[in-house]
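The structure appears below as structure tokens.
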Amino acid sequence: MRAYILKRFGESLVTVFIVIFAVFMLMRFMPVEGYFTREDFTEMTAEARQVYLQSIGISGNPFGQFGRFLSGLAVGDWGRSITVYPKTPIASIIAEKAGYSLAFGLSAIGISIVFGLALGIAMAQNKDRLVDSLGTLYVVVVRAIPSLIYLFLIQIWVSGILGWPMVFYADVPVSWILPTVSMALPGIAWYAIWLRRFMVDEENKDYIKFAISKGLPRKKVMTGHVLRNAAVPLVQYLPTQILLTIAGSLIIESMYSIPGLGGLLVYAIRQQDNPLVQALVLLFSVLGIFGVFLGDILMVLIDPRIKLEGTSRTGDHV
Amino acid sequence: QDGGSRTVDRYDNTYQVEVKTLNYFLLLDTTAQRVAANTQDHLVEQDRFGRFIPSLAESWTPNADSTVWTFKLRKGQKWVDHTGTPTTYEITADDFVEGFRYVSDPANGIRNISSVRNVIKGLYDYYYTLVDIDGGKIQDKTREAALATFGTVGVKALDAYTVEYTLTQPTPFFLSYLIMDLFYPVEKAFLDAVGPANLGIAKENMLYSGGYYLSDWQRDKLIVMTRNEHNWDKDNITVRSINMQKVSDPTVELQMFMRGELSSALLSAEQAKALEGSPFQDKVYMTDLTSVTFWWHPNYQSPNPEFNAFIRNENFRKALYYGIDHEKFLSLDDQVNPKGLIRSTIIPEDQCFDEKGRDFTDYPGVKEFKDRGNPYNPAKAREYLAKAIAELTDGKGSIRGVTAGPVDMKPIADFSVDGKLPIQMVYVHTTSSKSTTEALLFQAMMKDTFGDDTINVVLGQFVDNAYREAILPLKYDMMWSSFRFAYADPMAQFGRLVTDGGFLNMAVDSSKKTNTLFDKTLYDLVQAAAAETVLSRRYAAFAKVEKHIQDKAYIMPYRAGGGSYTISRMVPYTVPRGGFGVTRFKYKGMIVESQPLTAARVAELRTAFFEEFNKLTAK
Amino acid sequence: MRQKADHGTSPDPIAEPRGPDSGGTLLSADNIVIRFNLRGRTLTAVRRASLKLHAGETLAVVGESGSGKSVLARSFVGMLDKNGRVDEGSISYHGHDLARFTAEQQWLGIRGKRIAMIFQDPMTALNPLKTVGEQIREAAAIHRGMDRSASKLLALDMLTRVGIRDPERRYSQYPHEFSGGMRQRAVIAAAIACGPEILICDEPTTALDVTIQAQILDLIQGLQRDLGMSVLFITHDLGVVARMADRIAVMYAGQVVEEGLSREIFYDPRHPYTWALLASLPQLGVKGEELFAIRGTPPSLFGELKGDAFAPRNPLALRVDFENEPPFFEVSPTHRAKTWLLDPRAPAIEQPDTVRRLKARIATAGHRAGVPHPIGQEASV
Amino acid sequence: MIQEPILSVHNLTVRFGTGRKAFEAVSGVSFDLFEGETLSLVGESGSGKTTIGRAIMRVHPVSTGSIRYRGQEIAAAVGTKDEKLLRQKIQMIFQDPMASLNERAKIDYIVSEGLYNFRLFASEKERRARVENALLEVGLLPEFASRFPHEFSGGQRQRIGIARALVMEPEIIIADEPISALDVSIRAQVINVLNRLKRDKSLSYLFIAHDLSVVRFISDRIAVIHRGHLVELAQAEELFSRPLHPYTRALLSAIPVPDPDAEHNRSLIVYDPSMHRYDSDPPAWSEAYPGHYVLANPAELTTWVANATPEPALSP
Amino acid sequence: MKRTVTALPYPARPEDVEAALFVPAPFDAEESERTGYSRYSYWRSTVRTFLKSRSSIVLLVLMISFSVFAFAYPLVSNTDPNEVSLELSDWNKRPGPGAGIFGTDGLGRDIWARTWYGTRTSLTLGLVIALFDVGLGMFMGALWGYVRGIDRVMTEIYNVLTNIPRTVVLVLLSYILQPGFWTIVIAMSSTGWISIARFIRNKVLTIRDAEYNVASRCLGTPLSRIITMNILPFLVSIVIMETALTIPYTIGVEVFLGFIGLGLPVKEVSLGNLINLGKNNFMLYPYQLTAPTVVLAVVTISFYIVGNKFADASDPRNHV
Ligand SMILES: Nc1ncnc2c1ncn2[C@@H]1O[C@H](COP(=O)(O)OP(=O)(O)OP(=O)(O)O)[C@@H](O)[C@H]1O
Ligand SMILES: Nc1ncnc2c1ncn2[C@@H]1O[C@H](COP(=O)(O)OP(=O)(O)OP(=O)(O)O)[C@@H](O)[C@H]1O
Ligand SMILES: [Mg+2]
Ligand SMILES: [Mg+2]
């Protein structure tokens with residue numbers, strides 16, 4: 001078990017390294033003009049531009065730059081933003097913003113899980129009946145229509161009808177509701193549809209038939225066997241989902257003026273804020289990759305079928 | 001309506017684009033300017049008529065030829081921190097010297113320095129020595145040694161309460177420089193404590209000398225400024241707190257206003273129109289014009305050979321100039337009175353007054369353009385175009401000296417020219433819908449005036465950064481841009497057009513490979529005007545510059561800044577007024593009511609204000 | 001906590017078990033017709049099949065693949081697939097007509113508690129995410145209203161009964177830690193945990209090796225004896241049938257075509273399909289000679305079958321077989337067959353030679369060796 | 001006169017995986033297959049029967065040992081020409097009639113797949129004729145060629161699988177449990193087809209099965225395999241009448257006999273591998289009687305031979 | 001569609017049967033082979049299962065008619081969707097007589113025409129991306145699943161590609177290339193194929209070791225034919241489904257990209273641009289958003305549901 005965790009951990013590290021290296025080098029393909037604003041460029045002489053590039057650590061051998069970046073990371077220095085928040089330490093930017101994204105993201109995940117699972121169960125239990133159709137309708141609307149549209153309509157209409165603020169105010173609790181719920185909508189659909197599918201799949205399994213033939217009441221079969229087994233594959237994705245909430249939701253954060261991490265990456269790329277882009281990509285890929293890693297570990301823990309190398313084989317023969 | 005005239009404690013408004021830094025020496029966006037203008041004081045400031053009045057300086061005296069300016073500071077003024085508590089630091093003359101030392105060091109990356117680089121004595125040499133040291137060009141001098149020579153720069157503290165600026169040449173309008181971000185004070189002990197790089201990246205990392213202090217700053221969310229109860233002028237700081245929310249969507253902004261969450265909102269023309277019939281109908285009014293000027297400017301070095309051949313032809317430029325209906329174009333912003341937005345001079349009106357109080361734009365040579373308004377004249381335009389075509393083509397539609405071939409203007413555009421009419425012309429714009437709409441309208445107008453067999457407008461779009469994508473790599477034929485008027489002198493505008501890297505590309509710097517001084521007359525005119533130090537003579541000379549540029553139709557101004565629909569609870573004309581520096585962002589003296597003002601009332605206030613204003617300016 | 005609340009709540013439609021009725025018949029299925037909706041068409045899987053299960057006996061149902069053995073058996077526990085239904089006929093069990101049960105609720109006192117069923121594939125019959133012990137325990141808890149510790153004790157006892165050594169350890173293991181044979185034992189343990197009256201075994205050994213198969217068969221037999229159950233045993237392996245069955249029902253194309261005591265079917269079969277079935281056994285073949293084989297392929301169950309369903313594949317068919325469906329003819333009180341050959345008007349057609357020689361052949365060719373094997377002992381290989 | 005084997009497997013070992021995961025599915029198996037004979041391989045599930053078959057078909061790599069076809073080594077890579085020959089001469093029939101036919105291809109393609117691979121026909125007409133022929137030979141109708149596999153019953157599908165092998169005109173057929181998945185009434189059809197083909201075309205079969213009753217009927221010789229090791233090999237009747245290895249005896253005792261009287265008196269022998277003392281005295285592949293081999297150490301060999309019944313036991 | 005089934009007749013009573021019939025009948029061996037098995041065609045069953053649900057028929061019809069109309073409209077209409085009006089009175093006209101079915105936008109362009117041109121652009125974009133994604137994904141996925149040796153490498157590529165935020169790629173590409181149709185195609189496909197490849201790989205893994213594949217290998221069938229004959233036919237339904245589902249997805253992405261300013265050039269008519277433009281003016285001229293939204297919703301929802309229903313229908317387990 002420990003050997004397995006170490007091995008998976010090592011693999012994850014390698015993947016993170018490749019991702020960050022790839023992005024680092026891609027950023028170097030961007031034209032240097034991007035580091036200047038229009039006014040600057042007019043005002044600055046060629047030398048001054050060079051001075052500026054040097055001062056933000058852009059000129060020189062990209063491999064050397066990468067090395068410096070890594071050695072900075074090693075001592076916990078994420079560097080400073082160069083154009084998005086000039087000179088502001090990146091760690092402090094992230095610390096400041098991640099809190100918001102995390103708070104909204106976690107509440108949204110909570111809501112998605114509770115409502116998504118409830119909806120999924122309801123749909124599976126009433127397969128091909130009204131509840132199922134309504135649930136499917138919801139899922140279809142959420143998944144097929146670009147989110148921008150319905151999120152926008154929710155913001156304008158629902159806030160108007162309920163008289164809630166249109167943007168988020170940290171000190172007005174009701175202003176949290178709409179963004180959180182909006183953020184949860186796709187999650188609810190996701191959980192509902194997969195749980196429904198897994199439950200329906202489970203229901204056709206031989207062991208469910210055997211459980212029924214043992215005379216277990218339907219409710220017990222549903223909770224004790226079907227739901228339990230159907231939920232297991234969903235659990236695998238939970239760590240990734242939780243970790244990635246830190247990354248925030250671009251659309252919702254921008255619509256509700258939530259100062260989270262959501263739009264920061266896009267903005268940073270467009271501003272060619274290399275240190276910030278690198279830090280964010282590093283952060284997100286670490287979260288994503290380690291989410292997968294944790295998901296795998298979690299599966300090993302909850303699914304007895306998954307045997308790991310290095311663990312002794314039990315199971316005798318007749 | 002007496003209920004509507006109660007003043008309120010709080011002013012709520014929004015900002016759309018994220019403020020990057022609040023380092024007040026490095027104002028990168030208007031939000032930061034709003035914060036700096038209110039949380040820091042300069043030596044001088046402008047009153048609500050735009051007159052310079054004392055601020056942290058109690059009084060000042062220029063010497064006879066306006067080359068040395070001495071300022072006497074108010075005593076006993078303390079820096080306050082982000083809780084509004086006075087610190088032990090007093091605001092002294094040294095703080096102004098330190099502030100300037102900070103901006104003069106290229107390592108601090110201060111961007112506006114070029115506007116004073118040739119104004120303050122000794123600054124040019126000091127600055128470039130440091131640049132060369134940093135760039136490795138000067139090896140025999142250390143940075144420390146160079147920094148030690150700051151004494152040669154013309155900014156000195158004569159005593160704790162006296163600052164003296166020494167200038168390179170007589171500058172009667174020097175006060176208008178002093179309200180730029182370059183002339184803020186900073187407390188050295190505090191700066192050393194937080195480190196120069198950390199100045200202004202958090203509310204704790206600044207001290208405040210202005211009428212407000214920054215009591216809250218959440219990036220991408222909220223900026224709150226609270227009245228500084230220890231400011232010398234606190235009685236004139238009428239609103240207790242200024243709350244600025246980040247809201248990027250104008251639709252949301254309007255909604256928030258209508259729901260009473262904001263004190264004022266800017267509206268698009270369409271939004272304004274949509275309010276017709278609503279309770280807000282009679283509350284929408286238009287803001288005054290500002291010193292910002294919008295113009296179309298062609299690229300005189302286009303990689304597109306067809307356009308390049310034509311744009312150097314005066315008749316062609318004039319054809320363009322007369323071919324676009326400015327009024328209709330501005331209907332996008334104001335369908336009722338688009339004319340009111342037109343600005344047809346390069347230097348804005350109401351900004352430069354000579355010693356007799358005469359406005360630069362009333363000088364002969366400028367006034368004719370100011371009075372002309374919309375130049376649109378399709379017949380004339382077609383005539384000019386015909387002339388240009390006659391001059392530049394062989395009569396069978398082939399453009400002389402232009403060979404067919406591909407034009408690589410990637411990523412903006414990519415096409416081939418055939419060396420024949422129609423002329424391909426790349427008009428670039430951003431991805432924003434406003435900018436795109438304008439581009440489409442421009443295209444439609446060109447087609448309307450000239451038909452599509454003479455000029456074919458190709459639309460090219462840059463994603464983000466005009467400079468990186470279009471202007472610097474010269475991948476455009478035509479675009480619009482806007483210039484803010486930086487200080488009270490025509491050179492603020494002409495300098496940027498004519499000098500190195502300017503839009504007209506009349507570089508005289510021989511090191512630059514794009515050295516194409518194609519109008520020696522203009523260059524000489526600018527040099528001559530810049531050398532004049534008496535305002536009236538100076539203005540007369542610059543008026544010739546303006547006339548020359550306009551006659552040749554090098555650039556096509558079309559709109560003044562401002563002039564947006566607004567709906568607001570703030571009473572206009574209660575705040576300081578001024579077109580340059582940070583004045584227009586000040587909230588000092590602002591009166592905010594509990595109900596939006598009606599347009600009628602604003603109109604009354606406007607009339608009253610300008611009556612008074614005109615009395616004051618007509619000395 | 002939840003477990004407790006469920007105790008004894010399963011409704012019991014049979015308040016007083018009345019035991020086998022007059023003729024010793026425990027369960028009797030009459031003229032059962034089962035249809036499925038399949039891809040827009042109707043498939044009649046069982047066509048008027050009748051079957052009686054006597055108390056304490058083992059009834060084997062044999063027949064070709066697809067002849068409807070499983071479907072018929074499943075209808076006894078109300079576990080037809082969703083697209084299927086019992087269209088006609090009745091299944092009487094303790095005065096109830098199981099064919100008329102509609103609500104899940106009605107089945108609760110029967111399924112698992114009185115009629116238990118084990119399936120063919122032990123590898124998939126256990127929930128891979130629950131411990132084996134738990135899966136045995138939960139049924140007992142429900143049906144016998146036991147609390148957790150009591151039902152656990154019962155489950156441990158069941159594990160011991162089916163010959164699993166070290167039950168304490170095995171109780172908390174997961175199915176993947178069990179081999180195929182042990183899983184089938186666990187499945188059996190779960191099925192008998194409530195002491196059912198009837199155990200339906202649907203090909204319980206097909207997926208197992210011969211040696212293990214023999215052990216499981218012994219186990220089922222032993223359990224039947226010990227617990228006095230009736231067993232309905234479905235298989236198409238005649239060897240297994242010979243070992244297990246007291247009586248045999250032969251099915252073809254959804255019908256029971258012959259029914260009789262084990263010896264009657266083996267030694268005196270009357271239906272041509274039964275003949276063919278027995279004759280095609282390789283044990284009866286002569287090396288180097290052609291084995292008797294049933295020609296052709298089973299009929300399609302969509303649509304009507306005219307006459308005797310087996311007729312097209314039966315070289316001995318009469319013309320009447322293509323026209324009219326034969327009724328049952330009684331051979332003996334315990335033996336009947338559904339073939340026109342038993343009609344007095346039919347030409348006298350003899351059983352094929354091979355079939356007649358069955359007993360003799362086996363007696364001479366069979367080989368027996370070894371020592372008696374105590375039932376239920378777990379043999380490890 | 002000693003006949004040359006058509007196929008000779010010597011000391012075959014197949015390992016799956018590497019390192020700690022390595023698992024030896026077949027260990028040091030040797031046997032010969034003679035022309036025109038049926039050699040059956042019986043043993044419990046997972047004992048390595050399929051693996052041996054697939055090693056001969058060269059779809060599993062051989063770890064050590066040799067496989068010779070008519071004296072020619074085929075365990076390692078062979079040239080293109082030999083490849084073509086081998087693919088033709090050695091054919092396989094699969095266990096699961098449902099899984100061994102490509103559901104999305106017509107019978108025509110399925111049967112002629114091998115012909116296509118090596119262009120074994122001169123004209124389209126010839127190919128079609130050969131497909132029809134093969135179908136007829138296994139008792140199917142030529143018209144079936146244009147249908148898809150799912151239109152057929154299990155027995156028919158299995159015969160299609162045989163036709164697919166047959167069309168290549170093979171000499172050796174590896175039949176991997178070709179009847180295990182079929183029900184009794186269909187089995188006979190397939191057995192008959194196999195037997196008839198063997199006679200008519202003098203094929204050699206390596207017949208893999210676990211059903212000893214079928215094996216006895218069809219085989220000339222039988223090899224018993226247990227956990228990757230061959231434990232016994234003899235003429236079919238010899239093996240049934242004189243089983244030596246305890247595993248063989250257990251296997252034989254477990255065969256159900258379709259006779260109620262006999263069945264009711266049957267008793268079961270259980271094989272316990274821990275009975276062997278191979279640590280101190282390793283076993284060897286020894287010839288107990290002529291042509292009757294068993295895996296035993298000398299001590300065991302003596303006891304087993306002593307206990308062997310010379311004549312078939314009478315049924316009780 | 002309930003089928004009425006006639007009750008099974010009881011067997012004849014012996015006395016009702018003619019004695020003349022009791023004579024041996026000739027045996028027809030061919031007939032006995034022929035009798036049994038039902039004709040089951042995978043594709044016929046798939047289509048039938050699909051058509052069983054009324055809603056999927058309705059949506060299929062909608063999907064087809066909207067797509068056909070979107071592609072046909074530009075051919076038959078002579079309204080230029082980019083025709084800017086210089087008459088102020090033409091701007092922002094509400095739907096109604098003289099203003100087109102969907103009204104006009106802020107430059108007097110006809111929204112009805114723009115909606116259909118936009119639908120065409122977006123559908124084309126979706127289709128092209130789907131073809132790239134699915135084509136490349138299929139090919140790589142089949143290889144990935146079949147060739148054991150490249151599994152590790154591909155898995156690593158998968159890990160890396162799925163962890164480089166897509167926006168990074170998009171933004172970078174829109175700098176390197178001209179923002180536009182092909183940039184979005186390249187940006188989307190450069191990372192989109194991998195998840196399809198992964199999906200296909202998992203499918204292939206389950207069929208790779210199926211006996212019929214072993215059979216083919218035993219017959220010496222070359223890899224190329226194993227993939228085309230044995231593997232790909234089993235993936236056709238997946239491909240159709242993936243294609244159908246990629247289209248609503250790309251339309252969504254296009255709208256999103258427009259939102260962050262990286263979409264198709266705004267001068268190009270696409271649903272994404274229409275929506276983003278309409279959204280800006282929603283409070284004022286709601287029809288500018290709602291009209292194209294309705295069309296977009298019908299298109300995406302019909303593709304989505306049809307794709308899903310088809311996936312269900314193509315699963316043989318659902319062929320009941
Ligand atoms: N859910 C179902 N839907 C449609 N047809 C079904 C279903 N279940 C069974 N059938 C059909 O009913 C017929 C009888 O099936 P059944 O499983 O009872 O056969 P069987 O005799 O048990 O065969 P086997 O020996 O293969 O288990 C078959 O033709 C089968 O295809
Ligand atoms: N590709 C493989 N990788 C790893 N192990 C394998 C592989 N193929 C087979 N094995 C293992 O090799 C052993 C022998 O398998 P094989 O399929 O040859 O047995 P068998 O005798 O044919 O069994 P059955 O009767 O079930 O078909 C089994 O334990 C199996 O798990
Ligand atoms: Mg069955
Ligand atoms: Mg096998």
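Protein chains get the first letters and strands the later ones, always in sequence-line order, with residue 1 at the start of each. For clarity, every value in this text was computed on a predicted model and none was experimentally measured.
Options N159(E), V253(E), V299(E) differ in how many heavy-atom pairs under 4.5 Å they form with chain A, and the most are formed by N159(E). Chain E forms more heavy-atom pairs under 4.5 Å with one residue of T15(A), V141(A), I145(A) than with any other, namely T15(A).
Taking CZ from F152(A) and CG from N276(E), the interatomic distance works out to 10.0 Å, rounded to the nearest 0.5 Å. One finds the OG1 atom of T293(E) at 9.5 Å from the CG atom of L148(A) (value rounded to the nearest 0.5 Å).
Proximity to chain E (any heavy atom under 4.5 Å) is restricted, for L153(A), to the side chain, taken from C-beta onward. Neither the backbone nor the side chain of L161(E) comes within contact range of chain A; no heavy atom of the residue lies under 4.5 Å from a heavy atom of that chain. Contacts between T136(A) and chain E at a heavy-atom distance below 4.5 Å are absent for every atom of the residue. Contacts of D201(A) with chain E are made by side-chain atoms alone, with heavy-atom separations under 4.5 Å and no backbone atom involved. Only the side chain of I156(A) comes within contact range of chain E, judged by heavy atoms closer than 4.5 Å. Contacts between A22(A) and chain E at a heavy-atom distance below 4.5 Å involve the side chain alone, from C-beta outward. Both the backbone and the side chain of I289(A) come within contact range of chain E, with heavy atoms under 4.5 Å apart.
Between V139(A) and Y304(E), some side-chain heavy-atom pair lies under the 4.5 Å cut-off. Within the 4.5 Å cutoff, side-chain heavy atoms of L296(E) are placed close to those of I149(A).
Summarising the geometry of N308(E) relative to R197(A), their closest heavy-atom pair is OD1-NH2, 4.4 Å, with the distance given to 0.1 Å.
Listed by first and then second residue, the ring pair (Phe, Tyr, Trp, His ring centres under 6.0 Å) pairs involving residues 241-266 of chain E amount to none (not counting sequence neighbours).
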